[in-house]
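Written out below as structure tokens is the structure these notes cover.
This structure is a prediction, so every number in the text was calculated from the model and none was measured. FYI, the numbering just counts along the sequence from 1.
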Amino acid sequence: IFITIFQLFIFQISFSDTIKNFNIQGNDRVADETVIMFSSLKSGDNLNQDILNDALKNLYYTDYFKTVDISYKNQIVTIKVVENPIIQSVLIEGIKENNINKKIAEVTSKIEKYPFVENKINEQVILLKNILRSFGYYFVELETSITVNNNNTVDLKYNFNLGEIAKIKRINFIGNKIYSDTILRNVILSEESKFWKFITRNKFLDANRINADLNRLNNFYKNRGFYNAKIKSTTAVITDENQFELIFNINAGNKFLFDNIKFSDSEKLQLKDQKIFTKIFENLKGKNYSKKKINNLIDDINNFTLKNDFVFLNASYDEIIKEDNKIDIVIYLKDLDKIFVERINIFGNFITDEKVIRNSLIIDEGDAFNDVLFNRSISNIKSLNIFKDVKYKSTDIDKSNKVIDIIVEERPTGEIFAGAGTGTTGSNITAGVKENNYLGLGIKLDTNLTLTEDSIKGKFSVLNPNYNNTDKSVKTVIESSS
């Protein structure tokens, strides 16, 4: 693994010295102005040891430079760099299946035209192997080769040797498991390989899927009163046929019951409001402990406070373990910092109209910021089903205001299909179009047409989920069946 070691050095510079000019050396592709921008140094800045060392770190962190040297003399900062080569192309060999090739290409394409840094490539090799293992190629080997070009670029080649596909032959549950193997197999995602399971990928051994299985088993037990349930170990044993036996070692522990549930600071809610939840608390007392029920209760309290304009209150809870396997729940209503949303920026929507995204937001510019409402807003955007990924970043600009950046990655949302056939009833031609984001307005369009020798059948359907910005959906369907 290639490791860059920063050599930090001490400059004897008085605080009165300031930068008047820059001298950039060794750069070819990266412009002088860009090097200066990366360093975060500016003309007129005062200089000291920490500032110059930070500039050195900033330049290294860009990955554009193999070496960086900074010196200072007569109020001129000299920056000498050696640029890392750029990855010109990435070639994939040894994979024939289109769906796997496409998945690998989605990852490798992200490093094309970017600097070649060896430790980044090593990280990607681990990621690519994990992707192949999720398809069942647990014994995959990956050879990386590099071709150095004359123009300070490199061509990268990944040569895969997939090996035999690894399947899960058996799944066993041992220990104090309480429940039968049949019930527990329905909880987890992993499946035993059977001859009729030719579509599912869950029959392949996948470390990420096993981790998901562990979480699902933990939630299963904790939602049924087993507060201290532990999945003590998970072991994958290779059988003679290069298949795996997956073993979950479970200790369910004792079953716990809800005891007293109460507010810690009840004065923040009026008495009539407290009585609404007191009835729920009483109904839960003596029932099996359930993590899910507690989380739902906290969500209900947060929803209630929001509906009653307690925007700066947020519910949380503590669990107190008592004798006789009982648990008290203490609910806190915490005062949130009064922060408002000054601006919301939308990025990445090259096709989708910005108002489609903004109409999904519960929080708007100028509103009080609340985590619950904001998370629901992000969930609303994801539920549109027109984006491959939705990310966000919030930046505090002062003690009472923040700016939110929402970054979406669009994906193909439409399909065109056509076909023809013939049989004892005659010939037919079928064609159609489906689109989930028609004209970038979030409109769902579904059309199809079937022509036979003596009939025309078809359907034209349009769904506008937010007609005329009224938050009401309007659906139009025209259909012919004759």
> So Ile301 and Ile331, side chain to side chain contact (heavy atoms under 4.5 Å, CB included) or not? Walk me through it.
Replying inline: CA-CA 10 Å; Ile301 295 172; Ile331 299 173; 3.8 Å; yes
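- Here the CD1 atom belonging to Ile121 is positioned 12.0 Å from the CD1 atom belonging to Ile126, to the nearest 0.5 angstrom.
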>> Does Phe38 form a ring pair (Phe, Tyr, Trp, His ring centres under 6.0 Å) with Tyr64? I'd like the steps, not just the answer.
In response: CA-CA 10 Å; Phe38 285 156; Tyr64 280 99; 5.8 Å; yes
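- Neither side chain, Lys292 nor Asn219, offers a donor N or O lying under 3.5 Å from an acceptor on the other.
- Other residues, nucleotides and ligands contribute only 12 or fewer heavy atoms inside 6.0 Å of the NZ atom of Lys103.
- Although no hydrogens or angles enter the test, the distance criterion places no donor-acceptor pair under 3.5 Å between the side chain of Asp353 and the main chain of Val356.
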>> I'd like to know whether Gln124 forms a side chain to side chain donor-acceptor pair (under 3.5 Å) with Tyr158, so could you lay out the CA-CA distance, the side-chain angles of the two residues, the decisive distance to 0.1 Å, and finally the verdict.
In response: CA-CA 11 Å; Gln124 187 170 92; Tyr158 288 130; 2.8 Å; yes
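- Using a cutoff of 4.0 Å between basic side-chain nitrogens and carboxylate oxygens, Arg185 and Glu192 are scored as salt-bridged.
- The closest side-chain donor-acceptor pair between Glu245 and Asn172 falls under 3.5 angstrom.
- Salt bridge annotation for Asp446-Lys444: absent, with no cationic side-chain nitrogen under 4.0 angstrom from a carboxylate oxygen.
- Taking the ring centre of Phe369 as origin, the terminal cationic atom of Lys402 falls inside the region bounded by 6.0 Å and 45° from the ring axis.
- If you check the side chains of Arg216 and Asn218, you find no donor sitting under 3.5 Å from an acceptor.
- Side-chain contact check for Glu319 and Tyr227: at least one donor-acceptor pair (N or O, by modelled atom type) lies under 3.5 Å.
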> Where do Thr476 and Phe460 land on the side chain to side chain contact (heavy atoms under 4.5 Å, CB included) test, with the steps shown first?
Replying inline: CA-CA 8 Å; Thr476 303; Phe460 178 83; 5.6 Å; no
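- Heavy atoms only, all atoms of each residue included: Ala252 and Tyr221 are closest at CB-CE2, 3.8 Å.
- Between Phe135 and Phe204, the distance from one ring center to the other does not fall under 6.0 angstrom.
- The aromatic rings of Phe374 and Tyr392 lie perpendicular to each other, with more than 60° between the two planes, well past the 30° mark.
- At a cut-off of 3.5 Å, with distance as the only test, no side-chain donor of Asn436 or Arg411 sits close to an acceptor on the other residue.
- In terms of modelled atom types and a separation under 3.5 Å, the side chain of Asn283 and the main chain of Lys279 share a donor-acceptor contact.
- From Ile95, atom CD1 reaches atom CG of Asn101 across 5.5 Å, with rounding to the nearest 0.5 Å.
- Residues Ile406 and Ile404 form a side-chain contact, since some pair of their non-hydrogen atoms from C-beta on lies under 4.5 Å apart.
- Surrounding CG of Asn186 are more than 12 heavy atoms belonging to other residues, nucleotides or ligands, all under 6.0 Å away.
- Within a 6.0 Å sphere centred on NZ of Lys113, heavy atoms belonging to other residues, nucleotides or ligands number more than 12.
- Considering CG of Asn375 and CG of Asn370, their distance stands at 9.0 Å, rounded to 0.5 Å.
- Aromatic ring orientation, Phe277 versus Phe304: perpendicular (interplanar angle above 60°, classes split at 30° and 60°).
- Between the side chain of Lys129 and the backbone N or O of Val125, no donor-acceptor pair lies under 3.5 Å.
- For the pair Phe256 and Asn228, the minimum side-chain heavy-atom distance is below 4.5 Å.
- Looking at every heavy atom in both residues, Asp367 comes nearest to Ile362 through OD2-O, 4.0 Å.
- In terms of heavy atoms, Leu333 sits closest to Ala315 at CD2-CB, 4.0 Å.
- The environment of Ile397 atom CD1 is dense: over 12 non-hydrogen atoms of other residues, nucleotides or ligands sit within 6.0 angstrom.
- Nearest approach of Lys475 to Ser461, heavy atoms of both residues: CE-OG, 3.5 Å.
- Contact of the Tyr137 side chain with the Asn161 side chain is not registered, since no non-hydrogen atoms from C-beta on lie closer than 4.5 Å.
- Phe226 and Tyr179 have perpendicular rings, their planes meeting at more than 60° on a 0 to 90° scale where under 30° would count as parallel.
- In this structure, Pro115 and Asn84 approach most closely via the heavy-atom pair CB-CB, 4.2 Å.
- Side-chain contact check for Lys293 versus Leu284: some heavy-atom pair is nearer than 4.5 Å.
- Under a 3.5 Å cut-off, the side chain of Thr352 and the backbone N or O of Asn349 do not form any donor-acceptor pair.
- Checking Ser39 against Asn58 by side-chain atom types alone, no donor-acceptor pair falls below 3.5 Å.
- Ala368 approaches Ile363 most closely through the heavy-atom pair O-CD1, 4.2 Å.
- Using a 4.5 Å cut-off on side-chain heavy atoms (C-beta onward), Ile329 and Asn260 make no contact.
- A 6.0 Å sphere centred on CZ of Phe347 holds more than 12 heavy atoms belonging to other residues, nucleotides or ligands.
- Although no hydrogens or angles enter the test, the distance criterion places a donor-acceptor pair under 3.5 Å between the side chain of Glu435 and the main chain of Asn437.
- The backbone N or O of Ile344 sits less than 3.5 Å from a side-chain atom of Glu365, completing a donor-acceptor pair.
- Within the 4.5 Å cutoff, the side chain of Asp155 has heavy atoms near those of the Ser89 side chain.
- When the shell of 6.0 Å around NZ of Lys338 is examined, it contains 12 or fewer heavy atoms from other residues, nucleotides or ligands.
- Using a distance-only test at 3.5 Å, with no hydrogens or angles considered, no donor-acceptor pair links the side chain of Asp396 to the main chain of Asp398.
- In this structure, CZ in Arg170 is found 12.5 Å from CG in Asp181, a value given to the nearest 0.5 Å.
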> After noting the C-alpha distance and the side-chain angles of Glu143 and Glu93, does the key distance pass the side chain to side chain contact (heavy atoms under 4.5 Å, CB included) rule?
Replying inline: CA-CA 10 Å; Glu143 180 183 339; Glu93 292 186 351; over 6 Å; no
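- Between Glu354 and Arg358 there is a salt bridge, since at least one side-chain N of the basic residue sits less than 4.0 Å from a carboxylate O of the acidic one.
- Proximity of a side-chain donor or acceptor of Asp213 to a complementary backbone N or O of Leu189 within less than 3.5 Å is detected.
- Between the side chain of Ser264 and the backbone N or O of Tyr332 there is no donor-acceptor pair closer than 3.5 Å.
- Within the 4.5 Å cutoff, the side chain of Ser394 has no heavy atoms near those of the Val403 side chain.
- More than 12 heavy atoms of other shown residues, nucleotides or ligands fall within 6.0 angstrom of atom NZ in Lys222.
- One side chain, Arg209 or Asn202, offers a donor N or O that lies under 3.5 Å from an acceptor on the other.
- Between the side chain of Glu112 and the backbone N or O of Ile87, no donor-acceptor pair lies under 3.5 Å.
- Taking the six-membered ring for Trp, Phe281 and Phe258 have ring centres at least 6.0 Å apart.
- Side-chain contact between Val408 and Asp389 is absent, with no heavy atoms from C-beta onward closer than 4.5 Å.
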